[in-house]
Amino acid sequence: MEKRVYNFSAGPSMLPLEVLEQAQRELVCYPSAGMSVMEMSHRSKTFENILEKAKADLKELMHIPDNYKILFLQGGGSTQFAMIPMNLMNKNNKADYVITGQWAKKAAAEAERYGKVNIVASSADSTFDHIPTLDPSKFDPEADYFYITLNNTIYGTRWTELPDTGNVPLVGDMSSSILSQEIDITKFGLLYAGAQKNLGPAGVTVVIVREDLLGNAMDFTPTMLRYDIHAENNSLYNTPPTYGIYFMGLVFDWVKRQGGVAALQKINERKAAILYDFLDQSELFRGTVVKKDRSLMNAPFVLPTKELDEKFIKEAKAQGFENLKGHRTVGGMRASMYNAMPIEGVEKLVEFMKKFEMENK
Ligand SMILES: *Cc1c(COP(=O)(O)O)cnc(C)c1O
């Protein structure tokens with residue numbers, strides 16, 4: 001096998017090697033099936049078992065109660081920006097949004113096409129370097145839901161405390177932090193995540209939705225964009241992303257072998273601490289977000305000049321640290337450390353950063 005690099009990509013991102021190897025072994029012939037999962041009918045018993053096991057494992061890993069439906073959909077995280085208002089903005093035709101980055105901004109802009117969006121708070125003025133403090137008097141008690149992005153992939157912030165929205169259902173985008181830390185799902189009406197950051201290859205979107213929120217989609221909602229249709233059909237209304245669901249199931253098994261979400265959270269906290277502790281004492285590198293809101297998954301940082309940023313990215317790449325270039329709207333660097341990134345990857349990156357600092361001070 002060719003040498004694998006430490007891939008710090010924000011998404012699609014690193015997957016556990018063990019899982020890739022298992023998928024490779026089973027690629028041509030899924031056990032006892034005589035065919036690849038890619039070639040299998042989505043109505044077959046074998047596939048049904050794959051789907052049911054993936055659902056059961058996610059339910060166990062996230063402690064999802066029985067009154068929630070787990071859906072495996074297509075269209076990426078971005079399709080949820082429209083599906084959420086079409087399906088949930090159905091009583092008073094309005095919703096609260098907190099703008100903590102590009103993804104929240106896009107979600108709010110899409111929702112505006114279907115109803116009234118109330119921006120409760122935004123950290124846009126300071127390039128989204130923190131999670132804004134909320135003033136509950138700005139919450140609309142008649143909002144159909146309250147929307148947040150739990151982990152801001154581009155800017156590297158995360159919510160460490162959830163807003164108390166009373167009877168207004170909380171809706172969360174957890175695309176870049178699902179299964180990376182424990183979360184109380186009962187605080188949410190709906191939680192979703194595209195697969196390509198922590199769960200598997202691009203192509204599946206997981207939606208976890210409380211049953212009582214289903215069934216009141218706007219009249220014009222296309223059938224394929226109705227949660228109730230997918231829930232009634234157990235994500236088999238049409239051909240689902242079968243291979244993606246299978247692969248995600250392998251990742252769920254891997255998470256269980258690591259000791260579950262709580263165990264991964266501890267490792268993720270250690271990985272983040274290794275990098276942030278270094279940034280805090282470095283005289284050359286600097287983290288770009290407010291300390292208390294730092295993400296465990298995505299750590300943006302900068303050097304004093306653009307020239308040094310470029311030099312660092314180039315030299316890092318030559319040493320096998322890939323995809324450290326920051327998002328085009330922020331510049332600098334960003335190290336994404338999803339579940340599949342081993343501690344050793346972060347330790348080696350920090351060693352390299354120390355060496356770079358010595359040589360470039
Ligand atoms: C990546 C990402 C998205 C968009 O996902 P797509 O699958 O590319 O549509 C949305 N929200 C967050 C937080 C993300 O990290």
Does this structure show an ion pair linking [X] with [Y], if we count only N-O contacts that are shorter than 4.0 Å?
| X | Y | value |
| --- | --- | --- |
| Asp140 | Lys94 | yes |
| Lys106 | Glu110 | no |
| Lys355 | Glu359 | yes |
| Glu48 | Lys45 | yes |
| Lys187 | Asp164 | no |
| Asp57 | Lys256 | yes |

Does any part of the side chain of [Y], heavy atoms only, come nearer than 4.5 Å to the side chain of [X], both counted from C-beta?
| X | Y | answer |
| --- | --- | --- |
| Thr186 | Pro65 | yes |
| Thr242 | Pro240 | yes |
| Lys53 | Asn49 | no |
| Glu344 | Tyr6 | yes |
| Met35 | Thr46 | no |
| Asp173 | Tyr192 | yes |

task = Please assess Glu322 against Ser9 for the test side-chain hydrogen bond (donor to acceptor under 3.5 Å, both in side chains), listing each intermediate value before the final yes or no.
result = CA-CA 7 Å; Glu322 286 271 357; Ser9 170; over 6 Å; no
message = If the condition is ring pair (Phe, Tyr, Trp, His ring centres under 6.0 Å), which residues does Phe352 pass it with, not counting sequence neighbours?
response = Phe312, Phe321
Without hydrogens or angle criteria, can the side chains of [X] and [Y] be said to hold a donor-acceptor pair below 3.5 Å?
| X | Y | value |
| --- | --- | --- |
| Glu26 | Tyr246 | yes |
| Glu232 | Tyr237 | no |
| Asn93 | Lys116 | no |
| Tyr30 | Glu39 | no |
| Asn234 | Lys55 | yes |

task = Just do the salt bridge (Lys or Arg N to Asp or Glu O under 4.0 Å) check on Lys314 and Glu310 with the steps written out, would you?
result = CA-CA 6 Å; Lys314 194 163 155 243; Glu310 271 166 34; over 6 Å; no
To the nearest 0.5 angstrom, please state how far the [atom1] atom of [X] sits from the [atom2] atom of [Y].
| X | Y | atom1 | atom2 | value |
| --- | --- | --- | --- | --- |
| Leu88 | Asn216 | CG | CG | 9.5 Å |
| Glu161 | Ile131 | CD | CD1 | 11.5 Å |
| Ile148 | Phe146 | CD1 | CZ | 7.5 Å |
| Asn151 | Arg158 | CG | CZ | 8.0 Å |
| Ser41 | Phe47 | OG | CZ | 9.5 Å |
| Ile178 | Leu191 | CD1 | CG | 6.0 Å |

Grab the two heavy atoms, one from [X] and one from [Y], that are nearest each other, plus how far apart they are.
| X | Y | answer |
| --- | --- | --- |
| Ile64 | Leu58 | CD1-O, 3.8 Å |
| Thr157 | Phe128 | CG2-O, 3.7 Å |
| Ser282 | Glu357 | OG-OE1, 2.7 Å |
| Leu179 | Val255 | CD1-CG2, 4.2 Å |
| Arg226 | Ala217 | CG-CB, 3.9 Å |
| Ala335 | Leu349 | CB-CD2, 4.1 Å |

task = Any chance you could lay out the salt bridge (Lys or Arg N to Asp or Glu O under 4.0 Å) test for Glu142 and Lys91, step after step, and finish with the verdict?
result = CA-CA 9 Å; Glu142 293 192 333; Lys91 289 195 192 83; over 6 Å; no
Is [Y] reachable from [X] through a run of I, L, V, M, F, W or Y residues, each pair having side-chain heavy atoms under 4.5 Å apart?
| X | Y | answer |
| --- | --- | --- |
| Leu308 | Leu279 | yes |
| Ile267 | Leu296 | no |
| Leu214 | Phe72 | no |
| Ile50 | Met38 | yes |
| Leu225 | Val171 | yes |

Under 3.5 Å: donor-acceptor pair, side chain of [X], backbone of [Y]:
| X | Y | result |
| --- | --- | --- |
| Tyr227 | Leu71 | no |
| Asn233 | His230 | no |
| Ser175 | Gly77 | no |
| Glu182 | Met62 | no |

inquiry  = Can you tell me if Arg43 has over 12 outside heavy atoms packed within less than 6.0 Å of its CZ?
reply    = yes
message = Please evaluate residues Ile343 and Ile274 with respect to the criterion side chain to side chain contact (heavy atoms under 4.5 Å, CB included), reporting the C-alpha separation (whole Å), side-chain torsions for both, the decisive distance (0.1 Å), and the verdict.
response = CA-CA 9 Å; Ile343 290 190; Ile274 292 167; 3.9 Å; yes
note = The complete set of side chain to side chain donor-acceptor pair (under 3.5 Å) pairs with one or both residues in residues 267-280, sequence neighbours excluded, reads Gln265-Glu269, Asn268-Lys271, Asn268-Asn339, Asp280-Arg294
key: Of all pairs that satisfy side chain to side chain donor-acceptor pair (under 3.5 Å), the ones with a partner from residues 117-129, not counting sequence neighbours   = Asp96-Asn118, Ser126-Asp129, Ser126-His130
ask   = Would you call the rings of Tyr147 and Tyr97 parallel, tilted or perpendicular if under 30° counts as parallel and over 60° as perpendicular?
value = parallel
Passing candidate, side-chain contact (heavy atoms from CB on, under 4.5 Å) with Ile154, options Asn298, Thr329, Thr100, Thr149 = Thr329
